[in-house]
Amino acid sequence: MPRFDPDHGTLTLQHSDSVLPPDFAGGAPATSDLSITPDGRYLCAAERTSSTIAGFLVADATGALTPIGSTPTEAQPCGFCIDPRGRYLIAAGAKFNAITRTRSIRTLAR
């Protein structure tokens, strides 16, 4: 999570997490999209090489991220959206021009 310094207009990296599933053994990662749920509790990231969506829990006080898992989605996800209630995630795949609906971000347990 970057820290913003308003006096200098700069960001400083505080921490980073992988968006790849733990068992992934393919090529170089290629994250394509990020989105946060309307309540600010979850961050999701599309990863094109593994064709997955990774989920992270966002800490209230610090904004720190805790990985909660990932789920397969369309081949090479190029974008996704989260419904206004934060219950569904809909991802579009670039490779086969299809979409996938994931029932709940909270079910991305590893």
Side-chain angles (χ1 to χ4, degrees):
M1 187 71 137
R3 185 177 314 268
F4 178 65
D5 179 347
D7 295 332
H8 297 96
T10 58
L11 291 173
T12 303
L13 180 65
Q14 301 297 304
H15 181 79
S16 66
D17 278 299
S18 176
V19 298
L20 291 168
D23 58 348
F24 182 72
T31 303
S32 61
D33 198 3
L34 296 170
S35 188
I36 196 159
T37 56
D39 63 7
R41 294 181 61 207
Y42 298 93
L43 174 78
C44 295
E47 203 293 305
R48 294 175 62 116
T49 306
S50 63
S51 295
T52 57
I53 303 285
F56 299 87
L57 182 63
V58 180
D60 287 337
T62 64
L65 302 177
T66 301
I68 59 171
S70 62
T71 189
T73 191
E74 294 299 325
Q76 292 186 348
C78 58
F80 67 91
C81 65
I82 298 171
D83 83 287
R85 291 183 180 178
R87 292 177 20 199
Y88 300 100
L89 182 146
I90 299 164
K95 206 158 196 171
F96 296 111
N97 300 316
I99 62 171
T100 297
R101 183 185 78 170
T102 300
R103 175 145 174 77
S104 173
I105 293 148
R106 293 163 190 85
T107 63
L108 294 176
R110 289 194 196 272

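Only heavy atoms go into these numbers, but all of them, side chains included; no hydrogens, no water, no symmetry mates.
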Inset, instruction - For the pair S32 (side chain) and G79 (backbone), establish whether a donor and an acceptor sit closer than 3.5 Å, ignoring hydrogens and angles. - result: no

Legend entry - Non-neighbouring partners of P29 that pass side chain to side chain contact (heavy atoms under 4.5 Å, CB included), sequence neighbours left out: L20, E47

Legend entry - Sequence-distant partners of D17, side chain to side chain contact (heavy atoms under 4.5 Å, CB included), two or more places apart: H15, F56, L65, P67

Minimum-distance pair of heavy atoms, taken over all atoms of [X] and [Y]:
| X | Y | answer |
| --- | --- | --- |
| A45 | T31 | CB-CG2, 4.4 Å |
| A91 | F80 | CA-CB, 3.7 Å |
| S70 | T52 | CB-CB, 4.4 Å |
| V58 | G40 | CB-O, 3.5 Å |
| S35 | I82 | OG-CD1, 3.7 Å |
| G86 | P38 | CA-CD, 3.8 Å |

Interatomic distance, [X] atom [atom1] to [Y] atom [atom2] [nearest 0.5 angstrom]:
| X | Y | atom1 | atom2 | value |
| --- | --- | --- | --- | --- |
| D5 | T10 | CG | OG1 | 4.5 Å |
| I99 | E74 | CD1 | CD | 8.0 Å |
| L89 | T71 | CG | OG1 | 9.0 Å |
| I90 | C81 | CD1 | SG | 4.5 Å |
| T49 | Q76 | OG1 | CD | 7.5 Å |

Legend entry - Verdict with reasoning, Y42 to L57, per side chain to side chain contact (heavy atoms under 4.5 Å, CB included): CA-CA 5 Å; Y42 298 93; L57 182 63; 3.7 Å; yes

Legend entry - Connected via hydrophobic side-chain network under 4.5 Å: I36 and V19: yes

Inset, instruction - Kindly indicate whether the side chain of P72, heavy atoms from C-beta on, has any atom under 4.5 Å from the side chain of S51. - result: no

